[in-house]
*Asks:* 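Handing you a structure now.
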Amino acid sequence: QTAIWKFKVLNKENNISLKANTRVAFKVMDAEALKLPDNYFDTVIDTYGLCSFDDPVKALHEMERVCKADGKILLLEHGRSEFHQWI
């Protein structure tokens with residue numbers, strides 16, 4: 001599954017909102033135990049999340065599990081990764 005999100009800015013009564021041109025489903029789940037099949041995504045993105053997880057290594061392994069073998073895991077964090085040899 002790949003979600004390509006294209007957003008369009010709309011101005012309605014001086015309010016700016018975003019409208020997705022692609023169907024997107026948002027689900028709340030535990031990042032350390034994702035209820036998704038293996039090799040599900042082409043790309044996994046996490047921004048400023050690792051510092052908030054109880055077990056960031058477990059969350060990283062979950063990201064790896066749900067990302068396709070030829071996929072990408074993209075991380076944005078506050079500082080230098082202690083897991084640089086793993087990523």
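All residue numbers in this chain count up from 1 along the given sequence.
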*Asks:* From Met63 CE over to Phe41 CZ, what is the distance, rounded to the nearest 0.5 angstrom?
*Replies:*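 Here the interatomic distance stands at 11.5 Å.
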
*Asks:* Is any side-chain heavy atom of Phe53 closer than 4.5 Å to a side-chain heavy atom of Glu32?
*Replies:*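 The answer is yes; the side chains approach within 4.5 Å.
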
*Asks:* Could you go through the side chain to side chain contact (heavy atoms under 4.5 Å, CB included) check for Glu64 and Ile73 one step at a time?
*Replies:* CA-CA 7 Å; Glu64 179 185 36; Ile73 298 174; 4.2 Å; yes

*Asks:* Hydrophobic clusters join Ile, Leu, Val, Met, Phe, Trp and Tyr when side-chain heavy atoms are under 4.5 Å apart, directly or via other members; which others share one with Val28?
*Replies:*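 None; Val28 is a cluster of one.
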
*Asks:* Can you give the donor-acceptor pairs under 3.5 Å from side chains of residues 45-52 to other protein atoms, not counting sequence neighbours?
*Replies:*
residue, atom, partner, partner atom, Å
Asp46, OD2, Gly49, N, 3.3
Asp46, OD2, Leu50, N, 3.4

*Asks:* Side chain to side chain contact (heavy atoms under 4.5 Å, CB included) with Leu34: which residues, sequence neighbours excluded?
*Replies:*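 Testing Leu34 for side chain to side chain contact (heavy atoms under 4.5 Å, CB included), a comparison that skips the adjacent residues, returns Met29, Leu36, Glu62, Arg65, Val66.
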
*Asks:* Same cluster for Leu60 and Leu74 if Ile/Leu/Val/Met/Phe/Trp/Tyr side chains link at under 4.5 Å?
*Replies:*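 No, Leu60 does not connect to Leu74 through the hydrophobic network.
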
